[in-house]
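Computed over heavy atoms, backbone and side chain alike; hydrogens, waters and symmetry mates excluded. Lettering of chains follows the sequences in order, A, B, ..., and the numbering in each one begins at 1.
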Number of protein chains: 2
Amino acid sequence: MAAEHYDSPDAETLANVVETGLHEGAIVTLQAECEVEYDGRTSGYLGPGDRLLVCKPDGTLLVHQPDGHKPVNWMPAGGTVSARESDGDLVVVARRVNPRERVEVRLIDAYGVTRYDADDAAEYEESGTEDEMHAYIEAHPDELEDGLRIVEHERETKYGFIDFFATDADGNPVVIEVKRIQATLNHFDQLKRYVSLYEDNDEVRGMLVAPSASERVRRALRDSGLEFVELAEFDRDATGTTDAKLSDF
Amino acid sequence: MAAEHYDSPDAETLANVVETGLHEGAIVTLQAECEVEYDGRTSGYLGPGDRLLVCKPDGTLLVHQPDGHKPVNWMPAGGTVSARESDGDLVVVARRVNPRERVEVRLIDAYGVTRYDADDAAEYEESGTEDEMHAYIEAHPDELEDGLRIVEHERETKYGFIDFFATDADGNPVVIEVKRIQATLNHFDQLKRYVSLYEDNDEVRGMLVAPSASERVRRALRDSGLEFVELAEFDRDATGTTDAKLSDF
DNA sequence: AGTTATATATCGACG
DNA sequence: CGTCGATGTATAACT
């Protein structure tokens, strides 16, 4: 059996399942009333309540309340998760060094614990990312503007990487920043920063490529002499980078 | 009992526990071999493997692999999670409308399922956030520069919100952007955008306040005539906004 | 519902 | 190990 469950475990069982399970590469989940302390980049306290704890062998710890996508407290992978008894209660502690931080969960009442020896070699295959949008633009620069020619992809400058450095039909340089999602003011900022590298050249153009942009962003671009180009849909298959086996649904 | 566990559940039991549990406000966790499809903002496929599923009554669905902080697939709160039989397998589907997206998990082999009627009224109390840093600066502007006077907090402009609008000892205006973490190029961008609103006024200063900044960011600031002010530690208690009951540890 | 900015963001790539 | 930029970012605040 890949999963072993214990109902209403005592502190000793809990400590054993957590410590041994994690050491042997299993995921350990607990249902328990608990209180939580965090100290690190900020600090905080969560009073007693029923939560779901997930401990992974890579040092990940998640504390989930009944609502919401994000764990209320957590530790990312890379640290250590351990369990010890303290005053008859079990205390689960997750730590890491960089940055130095700690999550401490004191279990008041454990309803259940499950050791799960999960075997998973699969990797997630994703399609429609910004990388694919780049590949599509590189293959179809005309979609942005007639006569546009890509000169360089990911050009490094002292202010960061420019998505595309191109030339237009008249041979003038064009700095291009590409976003997969609706353009924001920060994206405008980013483009402006890159264009500012060439401010001694009046001929240089700046182009923000995205599926959409708010009126405020469009105005900011206009005010700075920059351009917005809408690119909503791009043929994901045409890039040749997709190989996910998606069944039809 | 707050938690009910079923070992090696059949598809009917699974469907019942998921549907009934979620409907009645419980968290449902599953250990199962499964494959996952996502379609929405992007699309993707995850081949068969052992994962932990977490379903919450608010429509949250999490699919966790054995490693890593982030779920490999998920649905945020606000949608619906449902379970149905298909070809003898159980299929868990999470959907939402805005944006329109769907996660579909086909269970190949379920090792265990737990219904958890969690009761949690506590709220997380946090200290050391950027809000508190703002409160500290508002109470102690001298920490940034002698004679500095805060004129306005969160000033709205056509290009977004300015953290602080202030005047220096000489009465010149100062635009201040505050970051709780090390300053990045994006933060520099943001400050520069706000300062650009006053570019007709040569006297206006721009100040980026953060615990640290990379050399690249400092150079970018210098090149644009903007200033960096280091504010690493601020007395969290002095702001009067903390009321978390942190036990000493 | 749309926009803006924050986050204990996390994560990956690159130097 | 630091820095930088993407993320199906999620989330809160405000319009």
Heavy atoms only: give me the nearest His69(A)-Pro71(B) pair and the separation to one decimal.
-> CE1-CG, 4.3 Å

Out of dA7(C), dC4(D), dG8(D), which nucleotide sits closest to the side chain of Thr129(B)?
-> dA7(C)

Distances under 3.5 Å between nitrogen or oxygen atoms of protein and nucleotides 1-3 of chain D:
from, atom 1, to, atom 2, distance (Å)
dG2(D), OP2, Asn98(A), ND2, 3.0
dT3(D), OP2, Gln182(B), OE1, 3.2
dT3(D), OP2, Gln182(B), NE2, 2.7

Look only at the side chain of Arg51(B) and the backbone of Cys34(B), and say whether a donor-acceptor pair between them is shorter than 3.5 Å.
-> yes

Here the distance between atom C1' of dG5(D) and atom CG of Leu208(A), to the nearest Å, is 15 Å

At under 4.0 Å, does any side-chain N or O of Lys70(A) touch on OP1 or OP2 of dT11(D)?
-> no

Could you run through DNA chain C and flag its stems, i.e. three or more consecutive Watson-Crick or G-U pairs with both distances under 3.5 Å?
-> C:1-7 with D:9-15, C:9-15 with D:1-7

Does Arg41(B) place a side-chain N or O at less than 4.0 Å from the phosphate oxygens OP1/OP2 of dA6(D)?
-> no

In whole angstrom, give the distance that lies between atom CD1 of Ile162(A) and atom C1' of dA6(D).
-> 18 Å

Taking CE from Met133(B) and C1' from dA7(C), how many angstroms apart are they, rounded to a whole number?
-> 14 Å

So, is the end of the Arg155(B) side chain (NZ or CZ) under 6.0 Å from the ring centre of Phe165(B) and within 45° of the ring's axis?
-> yes

By side chain to side chain contact (heavy atoms under 4.5 Å, CB included) - contacts of Ala213(B) (at least two apart) | Ala183(B), Val217(B), Arg218(B), Phe228(B)

Rounded to whole Å, NE2 of His64(B) lies from P of dC11(C) at a distance of 10 Å

For atom CG of Asp131(A) and atom P of dC11(C), their distance in whole Å = 18 Å

With Ala83(B), which residues qualify under side chain to side chain contact (heavy atoms under 4.5 Å, CB included), at least two apart?
-> Val18(B), Glu19(B), Leu90(B), Val92(B)

Look at all strands and tell whether Met75(A) reaches a base, only sugar-phosphate, or nothing, counting heavy atoms closer than 4.0 Å.
-> nothing

When you check the phosphate oxygens OP1 and OP2 of dT4(C), does a side-chain N or O of Arg193(B) lie under 4.0 Å from one of them?
-> no

Side-chain atoms of Leu185(B) come closest, of dT6(C), dG5(D), dT10(C), to dG5(D)

Can you check side-chain contact (heavy atoms from CB on, under 4.5 Å) on His134(B) and Asp163(B), steps first, answer last?
-> CA-CA 8 Å; His134(B) 281 201; Asp163(B) 279 350; 3.6 Å; yes

Under-3.5 Å donor-acceptor pair between Asn186(A) side chain and dT4(C) base = no

Write out a two-atom table: protein N or O, nucleotide N or O from nucleotides 13-15 of chain D, distance below 3.5 Å.
none

Where do Gln182(B) and Pro211(B) come nearest, in terms of heavy atoms and distance?
-> N-CG, 3.9 Å

Against the side chain of Arg96(A), the closest entry in dA7(C), dT10(C), dA6(D) is dT10(C)

Measure from the side chain of Asp163(B), starting at C-beta and using heavy atoms only, and say which of dT10(C), dC4(D), dT6(C) lies closest.
-> dT6(C)

CD of Glu123(B): more than 12 outside heavy atoms within 6.0 angstrom?
-> no

Expressed as a whole number of Å, how far does the C1' atom of dT7(D) sit from that of dT11(D)?
-> 14 Å

Identify, between Tyr159(A) and Ala77(B), the residue whose nearest nucleotide on DNA chain D lies closer to the 5' end.
-> Tyr159(A)

Non-neighbouring partners of Asp67(B) that pass side chain to side chain contact (heavy atoms under 4.5 Å, CB included), sequence neighbours left out | Asp58(A)

d(CG, Leu191(A); C1', dG5(D)) in whole Å = 15 Å

Mind calculating the distance between CD1 (Ile181(A)) and C1' (dT7(D)) to the nearest angstrom?
-> 8 Å

State which of dT8(C), dT6(C), dA10(D) makes the closest approach to the side chain of His69(A).
-> dA10(D)

With Cys55(A), the side chain to side chain contact (heavy atoms under 4.5 Å, CB included) member among Ile27(A), Leu30(A), Thr29(A) = Leu30(A)

Nearest heavy-atom approach of Gly128(A) to Thr42(B) is O-CG2, 3.6 Å

Contact class for Glu101(B) (heavy atom, under 4.0 Å): base, sugar-phosphate, or nothing?
-> base

Heavy atoms under 4.0 Å, any strand shown: does Pro76(B) hit a base, just sugar-phosphate, or nothing?
-> base

Do you know the tightest heavy-atom contact between Phe188(A) and Ala220(A)?
-> CE1-O, 3.4 Å

Give one of base, sugar-phosphate or nothing for Val97(A), where a contact means two heavy atoms less than 4.0 Å apart.
-> nothing

Separation of dT7(D) C1' from Gln190(A) CD (nearest whole Å) = 13 Å

Any side-chain donor near an acceptor of the partner, Gln190(B) and Tyr194(B), under 3.5 Å | yes

Work out which heavy atom in Glu138(B) is nearest to a heavy atom in Pro141(B); give both atom names and the distance.
-> O-CD, 3.6 Å

Atom C1', compared across dT6(C) and dT10(C): separation rounded to whole Å | 14 Å

Can you tell which of dT8(C), dG8(D), dA6(D) lies closest to the side chain of Glu126(B)?
-> dT8(C)

Does OP1 or OP2 of dA5(C) have a side-chain N or O of Tyr194(B) closer than 4.0 Å?
-> yes

Phosphate OP1/OP2 of dT3(C) contacted by Arg219(A) side-chain N/O (<4.0 Å) = no

Could you work out the separation of dG8(D) and dC4(D) based on their P atoms and round it to a whole Å?
-> 22 Å

